[in-house]
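Written out below as C-alpha cells is the structure these notes cover.
Just so you know, residue 1 is the first one in the sequence shown, and it goes up from there. Whatever order the structure lists them in is the order used to number ligands and atoms, beginning at 1.
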Amino acid sequence: MHDPLPGTVDGTVRQSAPLRIGVLALQGAFAAHVDTLTRLGATASEVRTPPDLSGLDGLVMPGGESTTMSKLLSSSGLFDDLKGMISDGFPVFGTCAGMILLATEVLDGRPDQRSFGAIDITVRRNGYGRQVDSFESDLDVIGLDSPFHAVFIRAPLVTACCDRVQVLATYDDHVVVARQGNIIVAAFHPELTDDGRLHAQFLQAVAVGSQ
Ligand code: GLN
C-alpha cells in the first residue's frame, strides 16, 4: 500500500521547512524538473559535483543519455558518493535515463556503463524500438485518481522486475512506474507536462522518510 499522504489537496507537500531536492544536472532534461519541484514548494538545486549533494533530502535523476551521465557521474566523483548515500536510504526519483541509472541490470548499454543497482529491475535501453522512438499514453498510476499523460522518448523497456518492486503503472504489460523503498522510477518524462503529481508522490515519500 501507499504511504499516507501528508500533502495538501492541491498535491503540494506541507512541511515546516521546504524539502531540499537536488536534480542531477550533468546532462539531459534537468531544468524542467527544477521548475516542477519548485512549483510544488521544494527547494530545488542543480547537482554537478559531490559538494552539491550536501544537505539534500532527495535527488531527481533526469532523462537524457544514460551512457553520458554514467561517464560524467564517474569523472565528477558523484557516482561513489551517491552509491553510498543510496545504500543508506537516500530517496531518488529516476526518470527515463534516470531509471536506467538506478536499475540493477542494463541491457544494450555500453560495456563501461555503470548503474546504481538501487531497484531490482532489468531495463533494455531504447527497448521500445526505433520506429516508436517517442509516443504518448494516458496511464493509470496507483495512488493517482485520474490518468497521467506520459511522454516516452527513446524509453527504456523493463524486461524483468523482482517481487520486491512495487509496480505503480504498466504500459503494454511492461512496468513503467515502480518503487522499491525510497527509489521511484518512471520510464517516461513526467517533467514535460504540467502534471506534477508524480513529483508530488516523490516529495511525499521523501517527507515521510524524513519525519
Ligand atoms: N535512451 C536513453 C538512454 O539510454 C534514454 C532516453 C531518455 O532519457 N529520454 O539513456
Classify the contact between [X] and ligand 1 as side chain, backbone, both or neither, using a heavy-atom distance cut-off of under 4.0 Å.
| X | answer |
| --- | --- |
| Met69 | neither |
| Ile100 | side chain |
| Arg125 | side chain |

Should you measure from each heavy atom of [X], which atoms of ligand 1 turn up under 4.0 Å away?
| X | result |
| --- | --- |
| Ser66 | 3 (C), 4 (O), 10 (O) |
| Gly63 | 8 (O) |
| Arg154 | 1 (N), 2 (C), 5 (C), 6 (C) |

In terms of ring plane angle, is the pair Phe93 and His33 parallel, tilted or perpendicular, where the classes change at 30° and 60°? perpendicular
Thr38 versus Asp35, side-chain donor and acceptor atoms under 3.5 Å: no
Could you tell me whether some N/O pair between Cys96 and ligand 1 is separated by less than 3.5 angstrom? no
Mind checking whether His189 has an N or O less than 3.5 Å away from an N or O of ligand 1? yes
Within 45 degrees of the ring normal and closer than 6.0 Å to the centroid, is that where the cationic atom of Arg154 sits relative to Tyr128? no
What I want to find out is whether Arg124 reaches Glu105 closely enough, with some N-O distance under 4.0 Å, to be called a salt bridge. no
Looking at Lys83 and Asp88, is there a salt bridge between them, counting it only when a charged N and a carboxylate O are closer than 4.0 Å? no
Return the CG to CE distance between Leu59 and Met85, rounded to the nearest 0.5 Å. 7.5 Å
Hey, what else clusters with Ile153 if you join Ile, Leu, Val, Met, Phe, Trp, Tyr whenever side-chain heavy atoms sit under 4.5 Å? Val151, Leu192
Options Pro156, Pro62, Gly64, Ser134, ranked by nearest heavy atom to atom 5 (C) of ligand 1, top entry: Gly64
Which heavy atom of the protein is the closest neighbour of atom 1 (N) of ligand 1, given with residue, atom name and distance? Asn126 OD1, 2.6 Å
